Amino acid sequence: MKLATWNVNSIRQRERHVAEWVGRVQPDVLLLQETKCEETQFPAEAFAGLGYQTEVVGQKAYNGVAVLSKAPVEVVHRCLPGLDCDDVQARYIEVRTEGLTVGNLYLPNGNSGGPAGYDYKLRWMECLAARAEALLEADEPCVFAGDYNVCPTDEDLAPGTLPAEDALVRAETRAAFRKLLWLGLTDAVRAVQPRGKAYTFWDYQAGAWRRDAGLRIDHALLSPEVAERLVSAKPDRDERNQPQPSDHVPVVVELAG
DNA sequence: ATGCCGGGTCCTACCCGA
């Protein structure tokens, strides 16, 4: 089974990239973030033609997440439990498919909106931990993947890319991410490649891609029995060489069975 | 140490991302 996560930075701008990638890589499940449109504008027909069911949580202009799946999916949640569903931003969708519960997340960046913006990020991470804990306690095989907007360690960003007080690298941010690991979740890419660069994002500006001045902020966290099935996990760097690419590349996780 | 790039939208100057 092949699962992937990809912040596409507008699905309408990246429809052809995603269709080409999906047709070539053939993931069973693809989690998309920053689709940046309402549900009615999402080009689901293009992916239906490739054999994928699509489930979308959309919002005008900002955020937006979607799940593409070959096998039928059942939507469990359209927002992160613990946050107010009525006014929450479109940042979470959770589905059940192929015996797995899959949470697709677009975690707040936390650098905008002052202290309240950063508090929202930390609150979001607390709610994510609570949701993960509930599923783990129920022995539910699960995956939480998406754009975490967290560089877990100093190896996860090019030196000099971000100041120490940036919301992606702050001590409280990293502690909140480690809490997810301590619950028993496995960082798929780091399980395969414990050390070194595995960037998933490069800024459009200042020649960041050319200089390989990247960040590792897109992650797939696996429950214990899913982690035991882990075969491979890595960012697909080649996608960043496409014309008009997203600033993020897909992260692909292969599971046995 | 950001908004140089590249999305978005009350269509065009401004907001936002990481």
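When reading the values below, keep in mind they use all heavy atoms of this one structure, side chains included, and skip hydrogens, waters and symmetry mates. Just so it is clear, the structure is predicted and the values come from calculations on it, not from any experiment.
- For A/S112, a side-chain nitrogen or oxygen approaches OP1 or OP2 of B/dG17 to under 4.0 Å.
- Among the protein residues, A/Y106 comes within range of the sugar-phosphate backbone only, with heavy atoms under 4.0 Å from sugar or phosphate atoms but none that close to a base.
- Between A/L157 atom CG and B/dT2 atom C1' there is a gap of 15 Å when expressed in whole angstrom units.
- When the C1' atom is used for both B/dA1 and B/dA13, the distance is 25 Å, rounded to whole Å.
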Restricting to nitrogen or oxygen on both sides, can you table the protein-nucleotides 4-9 of chain B pairs closer than 3.5 Å?
residue : atom : partner : partner atom : Å
B/dG7   : OP1  : A/R14   : NH1          : 3.2
B/dG7   : O3'  : A/S10   : OG           : 3.4
B/dG8   : OP1  : A/S10   : OG           : 2.9
B/dG8   : OP2  : A/Q13   : NE2          : 3.3

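- Going from atom CG of A/N111 over to atom C1' of B/dA1 covers 11 Å, rounded to whole Å.
- Near DNA chain B, defined here as any heavy-atom distance below 4.0 Å, the residues from residues 163-174 of chain A are A/P163, A/L168, listed numerically.
- Taking atom CD of residue A/Q89 and atom P of nucleotide B/dC15, one finds them 17 Å apart after rounding to whole Å.
- B/dG3 sits 15 Å from B/dG8 when the C1' atoms are compared, rounded to a whole Å.
- Nucleotides B/dC10 and B/dC5 have their C1' atoms positioned 24 Å apart, rounded to a whole Å.
- Sorted by first then second residue, the ring pair (Phe, Tyr, Trp, His ring centres under 6.0 Å) pairs that include residues 16-36 of chain A, not counting sequence neighbours, are A/W6-A/W21.
- In this view, A/E55 and A/Q53, A/V73, A/V75, A/R78, A/I93 satisfy the side chain to side chain contact (heavy atoms under 4.5 Å, CB included) rule, not counting sequence neighbours.
- Every pair passing ring pair (Phe, Tyr, Trp, His ring centres under 6.0 Å) that includes a residue from residues 211-241 of chain A is listed here, sequence neighbours excluded: A/Y148-A/H219, A/F177-A/H219.
- Residues A/N9 and A/S246 have side chains that never bring a donor and an acceptor to within less than 3.5 angstrom of each other.
- Residue pairs meeting the side-chain hydrogen bond (donor to acceptor under 3.5 Å, both in side chains) criterion with at least one member in residues 119-131 of chain A, sequence neighbours excluded, are A/E94-A/R131.
- The salt bridge (Lys or Arg N to Asp or Glu O under 4.0 Å) pairs that include a residue from residues 135-149 of chain A number zero, where partners must be two or more places apart or lie in different chains.
- Remark: A/N109 is not in phosphate contact with B/dG17, judged by side-chain N or O atoms under 4.0 Å from OP1 or OP2.
- Looking at heavy-atom distances under 4.0 Å, A/N63 makes no contact with the nucleic acid at all.
- Remark: the separation of the P atoms in B/dC14 and B/dA18 is 23 Å, to the nearest Å.
- Applying the ring pair (Phe, Tyr, Trp, His ring centres under 6.0 Å) test to residues at least two apart or on different chains, the pairs with a partner in residues 221-251 of chain A are A/F201-A/H248.
- Among residue pairs with one or both ends in residues 238-257 of chain A, those qualifying as salt bridge (Lys or Arg N to Asp or Glu O under 4.0 Å) are A/R24-A/E239; sequence neighbours excluded.
- Taking atom C1' on both nucleotides, B/dG7 is separated from B/dT12 by 15 Å, rounded to a whole Å.
- Looking at which nucleotide of DNA chain B each of A/G160 and A/N149 is closest to, the 5′-most match is held by A/G160.
- A/K70 and A/Q26 form a side-chain donor-acceptor contact under 3.5 Å, judged by distance and modelled atom types alone.
- The residue A/N7 sits close only to the backbone: its heavy atoms come under 4.0 Å of sugar-phosphate atoms, none of a base.
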